[in-house]
Novice: 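Quick one: this structure, given as structure tokens, is what I'll be asking you about.
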Amino acid sequence: MPSNPIAETVASLMPRAKAELTELVAFKSVADFEQYPRNESEAAANWVADALLAEGFEDIALLDTPDGTQSVYGFLPGPEGAPTVLLYAHYDVQPPLDEAGWATPPFELTERDGRWYGRGSADCKGGVVMHLLALRALKANGGIPVHVKFIAEGSEEQGTGGLERYAEAHPDLLRADTIVIGDAGNFRAGLPTVTATLRGMTLVRVEIDTLEGNLHSGQFGGAAPDALAALVRVLDSLRAEDGSTTVDGLDNGGVWEGLQYTEDDFRRDAKVLDGVGLIGEGTVADRIWARPAVTVLGIDCPPVVGATPSVHAGARALISLRVPPGVDAAEATKLLRAHLEAHTPWGARVRTEQVGQGQAFRADVTSPAYEAMAAALREAYDGQEMQASGMGGSIPLCNTLGALYPDAEILLIGLSEPEAQIHAVNESVSPDELERMSVAEALFLQRYATGA
């Protein structure tokens, strides 16, 4: 990284950043209060509020959002007449999944092989720290040149829309000229990237019932309709032979124009086992950025250990459907529910329920803010030019903010490059990425404030 005062300041702050991320990761802030205590999330929210207070933020508030979680807000005034920039991250995290699969405890930040491991280290507690580092570097080098609004969401991973509904009910709170969403990441570690598109998402629960109760499989199997077998058939109907998503009425022919993702790189990033093929057709970029993708997130059925010889009376599953820009998530939800109901065999009773939804997003990467970000990333990454990629994941808040503030420019950056393995076991963050992205964000705020 070239030597400049901002870069030097951020480098000097990295030990503090590691200590703070260690504290944040220690909170088990999973916003599913049936699995994790609410006070863990509340403690993380208070940590963020205290950090903002220490940096001189005003109007700090713990916002009680309609989904029962808290988002943290603060305002830091800048020079008179300066533009306002909203910095976004979220402090809630995904569950650690199989804790036995972690090489080190998921809620203890651990350094290994040059990376910092822990749940939320990249997604997105690292994003909180990235914003703090950028602001501290600016304060140490002439001051912060813009008005800053800071929002840390408490339930992004759950897709329950608490902050979205709160923002709609308080439309002036998050109003800004530019919004920096710190919840994306570089296409590859060391390659400066902004995210140009996000797929939308819908979550649907399907429940199938066939009998008043389980039956002995020897006495009744062969004629009694098995609800679990019916569910398996329904779920299989969501994919073509090659694995492509097939929801009746939903277009699956999108094409991605731009930065491409080679199959070899994808296999390595996704850790696909030797001999196992990828699913779908078209380029990898088509499949993960421009087309819908269905995933079965969970199935309620008896585990293998302790299973009895029974024909099952009921079974249910939770299904995620990612949809690309240009596809309305509400319409995709209707199509998915209709598909599930239409493909349920044997006259079985089927119920579907939408449990989450968010629209896709497309950014204008030719706007002035993106030009300022391109220059900032070029400086932070030793002259490398900014790339624009898609992201298969969803950040529903982007569309809410875009609708509330149609004149605002929305940029997506962050720390979730492929090696970070977000949402999986052994999530980690590259401290080098944290350092460079913090420098880039600080330089961006300087350039954006002056129009350079």
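Along the sequence shown, the residues carry numbers beginning at 1. Only this structure's heavy atoms are used, side chains among them; waters, hydrogens and symmetry mates stay out.
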Novice: What I want to find out is whether Glu427 reaches Lys125 closely enough, with some N-O distance under 4.0 Å, to be called a salt bridge.
Specialist: no

Novice: Passes side-chain contact (heavy atoms from CB on, under 4.5 Å), Leu377 versus Met437? Steps please.
Specialist: CA-CA 8 Å; Leu377 286 168; Met437 288 306 301; 3.9 Å; yes

Novice: So, Asp92 versus Gln158: side-chain donor-acceptor pair below 3.5 Å or not?
Specialist: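 No donor-acceptor contact under 3.5 Å links the two side chains.
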
Novice: To the nearest 0.5 Å, what is the distance between NZ (Lys334) and OG1 (Thr202)?
Specialist: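 It comes to 12.0 Å.
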
Novice: Where is the tightest heavy-atom contact between Thr245 and Leu321, given as atom of each residue plus distance?
Specialist: CG2-CD1, 4.2 Å

Novice: Quick one: CD on Glu241 to CG on Asp236, what's the gap to the nearest 0.5 Å?
Specialist: 8.5 Å

Novice: Check for a donor-acceptor pair, side chain of Arg378 on one end and backbone N or O of Met373 on the other, with a separation under 3.5 Å.
Specialist: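 Side chain of Arg378 to backbone of Met373, a donor-acceptor pair under 3.5 Å: no, none is there.
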
Novice: Look at Arg268 together with Asp265 and state whether they make a salt bridge at an N to O cut-off of under 4.0 Å.
Specialist: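 Salt bridge flag = yes for Asp265 with Arg268.
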
Novice: What pairs with Tyr166 under ring pair (Phe, Tyr, Trp, His ring centres under 6.0 Å), at least two apart in sequence or on another chain?
Specialist: His170

Novice: Would Ser430 and Asp432 count as having a side-chain donor-acceptor pair, cut-off 3.5 Å?
Specialist: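 Looking only at side-chain atoms, Asp432 and Ser430 do not form any donor-acceptor pair under 3.5 Å.
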
Novice: Would you call Glu99 and Lys28 a salt bridge, taking side-chain N to carboxylate O under 4.0 Å as the test?
Specialist: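 Between Lys28 and Glu99 there is no salt bridge, as every charged N stays at least 4.0 Å from the carboxylate O atoms.
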
Novice: Would you say that Arg287 contacts Trp256 through its side chain, given a criterion of any heavy-atom pair below 4.5 Å between the two side chains?
Specialist: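 Arg287 does not reach Trp256 side chain to side chain.
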
Novice: Please output the side-chain donor-acceptor pairs of residues 410-424 that fall under 3.5 Å, not counting sequence neighbours, one pair per line with the distance.
Specialist:
unit_1 : atom_1 : unit_2 : atom_2 : d
Glu417 : OE1    : Glu419 : N      : 2.9
Glu417 : OE2    : Arg115 : NH1    : 3.4
Glu417 : OE2    : Arg115 : NH2    : 2.7
Gln421 : NE2    : Asp269 : O      : 3.2
Gln421 : NE2    : Pro418 : O      : 3.2
His423 : NE2    : Asp123 : OD2    : 3.0
His423 : NE2    : Glu157 : OE1    : 3.1
His423 : NE2    : Glu157 : OE2    : 3.4

Novice: Which pair of non-hydrogen atoms, one from Thr69 and one from Asp67, has the smallest distance, and what is that distance?
Specialist: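 Taking every non-hydrogen atom into account, OG1-OD1, 2.8 Å.
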
Novice: Out of curiosity, Gln260 CD to Ser389 OG, how far, rounded to the nearest 0.5 Å?
Specialist: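 Nearest 0.5 Å value for the CD-OG distance: 11.0 Å.
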
Novice: Check the orientation of Tyr448 and Phe444. Use parallel for under 30°, tilted for 30 to 60°, and perpendicular for over 60°.
Specialist: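 Tyr448 vs Phe444 ring planes: parallel.
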
Novice: Tell me, which pairs form a side chain to side chain donor-acceptor pair (under 3.5 Å) where one or both residues lie in residues 137-150, sequence neighbours left out?
Specialist: Thr9-Asn141, Glu55-Lys139

